[in-house]
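Below, read A as the first sequence line, B as the second, and so on, with proteins coming before strands; counting in each chain starts at 1. What you see is a predicted model; the values in this text were computed from it and never measured.
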There are 2 protein chains.
Amino acid sequence: MYTVKEVAKMLDLSEHAVRYYTDKGLIPSILRDQNNNRLFNEESVNWLIGVKILKQCGMSIEDIKTYAELSIKGDSTIQERYEIILRQRELALLQLQEAKSTVDYLEAKTNYYLNIIKGVIADSSNPAKWPLKYELNEVWDTIGAK
Amino acid sequence: MYTVKEVAKMLDLSEHAVRYYTDKGLIPSILRDQNNNRLFNEESVNWLIGVKILKQCGMSIEDIKTYAELSIKGDSTIQERYEIILRQRELALLQLQEAKSTVDYLEAKTNYYLNIIKGVIADSSNPAKWPLKYELNEVWDTIGAK
DNA sequence: TACATCCTTCGTGTTACACGAAGGCAAGAG
DNA sequence: CTCTTGCCTTCGTGTAACACGAAGGATGTA
C-alpha cells in the first residue's frame, strides 16, 4: 500500500498529477484509508503506469478514461480498444514526421547562424530592417518549402 | 495590404490565432486602417510566417517574442539568437526520440491486439479483473522497459 | 503541549488559443 | 433612405492538464 507521495516518486509523476488522475476516475481501484487519504495497492499502481504510458503516447485524459472503461468491461471490447490504439498510432506517426521536419529546420538554422558567426556570409546587407525576412529568405525558403 | 481573414487563409492559421499573435506583439510592423482594422503588408506577412514556423518548432509565444525582439535589434544579437535556436534544437531532438518510442510502443500494442483478435492468444485467463495489468505484462514489460 | 509533517479539498493561475456576444462601419438591395 | 449582409473590432469566458498555494485535519515526536 502506497501513499500519493510514494507512487509519485516511484513513477516519476508529480503529486498533483497523481491526485488529478485519481479525481478524474482514471484509477478505478484506488482505495482510501480512515482519514480519506488515497492508498495505492499493486493494481492501482499498474493502472497508474498504464495511464502514464498512454499519456506519453499523446492520448488525452478523456480518451484514456474511455480506454480504461473499455478495458474494465473485458474481452468484448477488444475490437473497440484496438481501433482506438490504431487511431492513436496514426497520430503518433504524424507527430513523428513533424518532429523530423522540425529537427531538420532547426539544424539548418543553426548552420545558418554558424555561417554568419564564422563570417562566411560577410555581407548581411540590411538585416536590421528585415530581420525575419532575411532569415526566411536564407533558410526557410530552402527547408520550410518541404 | 491584407486583412486578418486574408492572411489567415494565406498562411492556414485561424483568424483567432492571427489576432492573438498581433495582440501579443509578435508582429511589430502591423498597421491599422482608419477603422482600427489590422492591415498586413509584406513585411508583416513575413513576420507572421516566421512566427508560424517557430511555433511549429515548439517554441512558446514568449520565447518567440524574445527571439523577434532580438532580431529587430540587429546583428549584435546574432550570438544570442544562435543559442536560443541551439537550445530549441536540443528540445526538438528529445521530442523526436519520444515520438519514436511512442510509435514503437503503439505498433507493438496494435500487434498485441491483432494477435488476440486472430485468436493466437486463446487463453486470456482473467482479463476482466486485471485488464490494464494484463496488457502491461504482455506488452509494456517488453517495450516500455526501453 | 507544541511543532512538524503528512495528507486533504478548494480555488485560482497558466498557455495558446476557441468561441460567442455586442457593436461599429461600409456597400448593395429594395 | 433604410435594411440587410458581411466584415471587422473588443471583451469576456471556456478549454486541457495540470501547478501552486491556502486552510485545515490527523499523526508522530520532543
- [ ] Considering just the side-chain nitrogens and oxygens of A:R38, establish if one lies under 4.0 Å of OP1 or OP2 belonging to C:dT8.
- [x] yes
Task: Minimum-distance nucleotide (side-chain atoms of B:E15 versus C:dT9, D:dC8, C:dC17) - done: D:dC8
Task: Spacing of B:Y21 atom OH relative to C:dT15 atom P, expressed in whole Å - done: 14 Å
TODO: Name the residue closer to the 5' end of DNA chain C, choosing between B:V18 and A:E6 according to the nucleotide with the nearest heavy atom.
DONE: A:E6
- [ ] Please examine the side chains of B:T3 and B:R38, heavy atoms only from C-beta on, and report whether any two atoms are closer than 4.5 Å.
- [x] no
- [ ] Look at the side chain of A:T3 and decide which nucleotide, out of C:dA16, C:dT9, C:dC7, has an atom nearest to it.
- [x] C:dC7
Task: N or O in side chain of A:S14 less than 4.0 angstrom from D:dC18 OP1/OP2 - done: no
TODO: Using the closest heavy atom to pick a nucleotide of DNA chain C for each, name whichever of B:E62 or B:H16 lands nearer the 5' end.
DONE: B:E62
Task: Selected nucleotide, minimal atom distance to A:N37 side chain, candidates C:dC7, C:dC17, C:dA18 - done: C:dC7
Task: Minimum-distance nucleotide to A:K5 side chain [options: C:dC7, D:dC18, D:dT9] - done: C:dC7
Open item on the list: Checking A:S44 against A:N41: is there a side-chain donor and acceptor pair closer than 3.5 Å?
Closed with: yes
- [ ] With heavy atoms under 4.0 Å as the rule, sort B:K24 into base, sugar-phosphate or nothing.
- [x] nothing
Open item on the list: From the set C:dT9, C:dC17, D:dT10, return the single nucleotide nearest to any side-chain atom of B:R19.
Closed with: D:dT10
TODO: Give the nucleotide from the list D:dT9, D:dC18, C:dT9 with an atom nearest to the side chain of A:A17.
DONE: D:dC18
Task: B:Q34 CD - D:dC7 C1' separation (whole Å) - done: 13 Å
- [ ] Take atom CG of A:L39 and atom P of C:dC6, then tell me their distance rounded to the nearest Å.
- [x] 16 Å
Task: Between C1' of C:dA26 and CG of B:D33, the distance in whole Å - done: 11 Å
Open item on the list: What is the distance, to the nearest angstrom, from the CD atom on A:Q56 to the P atom on D:dC18?
Closed with: 11 Å
TODO: May I ask you to test the B:L94-B:E90 pair for a side-chain heavy-atom distance under 4.5 Å?
DONE: no
Task: Shortest side-chain distance from B:N36, nucleotide among C:dC17, D:dA17, D:dT9 - done: D:dT9
- [ ] Assess the side chains of A:K109 and A:Y105: does a donor N or O sit below 3.5 Å from an acceptor N or O?
- [x] yes
TODO: Name the closest nucleotide to the A:I61 side chain, picking from C:dC17, C:dC7, D:dA17.
DONE: D:dA17
- [ ] Let me know the distance between CZ of B:R32 and P of D:dC8, rounded to the nearest Å.
- [x] 12 Å
Open item on the list: Can you confirm whether B:D33 is buried at CG, in the sense that more than 12 heavy atoms of other residues, nucleotides or ligands lie under 6.0 Å from that atom?
Closed with: yes
Open item on the list: Looking at A:L70, is its backbone amide N or carbonyl O close enough to the side chain of A:T77 to form a donor-acceptor pair, meaning the two atoms are under 3.5 Å apart?
Closed with: yes
Task: Among D:dC18, D:dT27, C:dA26, the one nearest B:N35 by side-chain distance - done: C:dA26
Task: Integer-rounded Å distance: D:dG6 C1' and B:K9 NZ - done: 14 Å
Task: Nearest-angstrom distance from the residue atom OH of A:Y20 to P of D:dT15 - done: 12 Å
